[in-house]
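A short write-up of the structure that comes next.
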Number of protein chains: 2
Amino acid sequence: MPLTVHSLKAACSQCNLQELCLPLGLSEAEIKRLDSLVSTRRKVKRGHHLYRTGAAFEALYAIKTGFFKTDVLMEDGRDQVTGFQMAGEILGMDGISLESHTCNAVALEDSEVCVIPFAQLEQLSSEMRTLQHHFHKVMSREIVRDQSVMMLLGTMRAEERLAAFLLNFSQRFTARGYSAAEFHLRMTREEIGSYLGLKLETVSRAFSRFQEDGFIVVQQKHIRILDIDALKSLLTHAPMPAPFTSRG
Amino acid sequence: MPLTVHSLKAACSQCNLQELCLPLGLSEAEIKRLDSLVSTRRKVKRGHHLYRTGAAFEALYAIKTGFFKTDVLMEDGRDQVTGFQMAGEILGMDGISLESHTCNAVALEDSEVCVIPFAQLEQLSSEMRTLQHHFHKVMSREIVRDQSVMMLLGTMRAEERLAAFLLNFSQRFTARGYSAAEFHLRMTREEIGSYLGLKLETVSRAFSRFQEDGFIVVQQKHIRILDIDALKSLLTHAPMPAPFTSRG
DNA sequence: ATGTAGCGTTGACACAGATCAAACGCCTTT
DNA sequence: AAAGGCGTTTGATCTGTGTCAACGCTACAT
């Protein structure tokens, strides 16, 4: 078995991710009730699945430590990474609708999640309006995030997509107290490509291009951003018609 | 003002879309309570907005009659259609997370929606667990739908995208009691293209190709599907490597 | 230390779809 | 009925990204 179930109390009340995965402004009594909701944790080793497509849906998972990807596999073998999730983010909401999961969730490094049994979450949120409202916001945020991925896949060129990707990670690391300018990507070029709707070679070339242009320093999976404004301006300016695009 | 507000009772209890937008198996008393929740309707003329990006979020909207698109506009002018919605579907869930809308919703034909004030929906769903659970499923379904759009935009070729698009509409019309094989598209080639991440010319060519191959008959916006299995098989088979792809 | 397998980079070339352009058909307006 | 405008179709050409291939680097295992 790849998965380890702990009977440890998850103890939201003492978790340093509170601001990210919990509603703000709860009373002490309310946080105590959350503690009882989120009663178990689960460790997932790198490369192992938290859940698989088709598995019965029973719980949501709050990532305590580590890093995940979700992906969808088509019958013909093509697959698409639909997201990368880090500490403080919620996994599993895809499963609510059909009561079984519609994607795979795979740990990209040794990780630990808090298990939130869904029936109990619904029970508690019907009693705690703050929690209910917060949960609705979390689901809505997922819908908004998906919209921006559609935008990315539907209208952006390769380098814009990668710039958007880097800026998104920079921003999410910042929100967790890490450096906005320097971080370690856990996924391969192929996984980045799958997420961005590009081939791994194209991702690699775009990285090289950004480095040549002095926007970033790339050393394998380690990224250092030198000129964040340059990356931003790649996004806000529409792609110029042919003759003005070339930089070589 | 493009919008007309009716003080008509919306009367879920007498609506023929119950199976689509309401939880199943409600008691009569429960349906009565819903009637009081959804108290107003709003008419939206073709081309007019139901809501715009940035507008304060106050309510969800259940489409009673008509047809909508949602789209997102980037600063540089590029835009992306993120969805097409028809009777029985819910609009506005994007707004919950930030309390303001993140996309535009535009009527593609004269339409009418039921207004569901969100605060009241949360109030009522904390009292009616069936309703709460149903609402969670509706939001999750939106997340799952977005996943399949990502798959479409990330991994499919032009003709596959259009086949997926047609099959999706066929299936949704069927669910509403209309013909699975013959329907009228309300949007332009450009809007289809924006949704599918293609240019309008590519959409037009793919339609022509399907017609040459005898899969469909196209007359402007009117579509008749002759060979639905052929469309399905375009999706389930991976694209062949070059020499076997050509059909001309 | 040394071998090895997987990941990443780079180059050459091919192709699907974008772009540019022109003509056509449909629907609305006068 | 004529005119105009918009949406659509179709053709010719261009280009960004995919594909195929070779090589290099890194990290891990022995």
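What's counted below: heavy atoms across the whole structure, side chains too, no hydrogens, waters or symmetry copies.
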Return the value, rounded to whole Å, for the distance between atom [atom1] of [X] and atom [atom2] of [N].
| X | N | atom1 | atom2 | value |
| --- | --- | --- | --- | --- |
| B:L198 | D:dG16 | CG | P | 18 Å |
| A:R157 | C:dG17 | CZ | P | 15 Å |
| B:L108 | D:dG7 | CG | P | 12 Å |
| A:K199 | C:dC13 | NZ | C1' | 17 Å |
| A:R46 | D:dA27 | CZ | C1' | 10 Å |
| B:Q211 | D:dT9 | CD | P | 9 Å |
| B:L153 | C:dA16 | CG | P | 19 Å |
| A:Q219 | D:dG24 | CD | C1' | 16 Å |

Donor-acceptor pair, distance only, cut-off 3.5 Å: does the side chain of [X] make one with the backbone of [Y]?
| X | Y | value |
| --- | --- | --- |
| A:R78 | B:T155 | yes |
| A:S208 | A:S204 | yes |
| A:N104 | A:T70 | no |

Step by step, would you call A:L91 with A:F68 a side chain to side chain contact (heavy atoms under 4.5 Å, CB included)? CA-CA 9 Å; A:L91 275 164; A:F68 286 82; 3.7 Å; yes
Please identify each residue that fulfils salt bridge (Lys or Arg N to Asp or Glu O under 4.0 Å) with A:R186, with sequence neighbours left out.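 Only A:E109 meet the salt bridge (Lys or Arg N to Asp or Glu O under 4.0 Å) criterion with A:R186.
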Suppose we screen for salt bridge (Lys or Arg N to Asp or Glu O under 4.0 Å). Which residues come up paired with A:R224, at least two apart in sequence or across chains?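 Applying salt bridge (Lys or Arg N to Asp or Glu O under 4.0 Å) to A:R224 gives A:E182.
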Summarise protein proximity over nucleotides 7-12 of chain C in one line of letters, 5' to 3': B for base, S for sugar-phosphate only, - for none, counting protein heavy atoms closer than 4.0 Å. SSBBBB
Residues that A:T174 engages under side chain to side chain contact (heavy atoms under 4.5 Å, CB included), provided they are two or more places apart: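 So A:T174 forms a side chain to side chain contact (heavy atoms under 4.5 Å, CB included) with A:S170, A:A180.
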Under 6.0 Å between ring centres, would you say that holds for B:Y195 and B:F84?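 Judged by ring-centre distance (under 6.0 Å), B:Y195 and B:F84 do meet the cut-off.
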Name each donor-acceptor pair under 3.5 Å that joins a side chain in residues 144-154 of chain B to protein atoms two or more places apart or in another chain, with its distance.
residue	atom	partner	partner atom	Å
B:R145	NH2	B:T82	O	3.3
B:R145	NH2	B:E142	OE2	3.3
B:Q147	OE1	A:T102	OG1	3.1
B:S148	OG	B:R145	O	2.9

If we fit an axis to the first five pairs and another to the last five of the helix from C:dA1-D:dT30 to C:dT30-D:dA1, what angle do they make, to the nearest 10°?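 If I round to tens, the end axes sit 40° apart.
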Which part of the nucleic acid, if any, lies within reach of A:G193 when heavy atoms closer than 4.0 Å are counted: base, sugar-phosphate only, or nothing?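 Nothing, no nucleic acid heavy atom in range.
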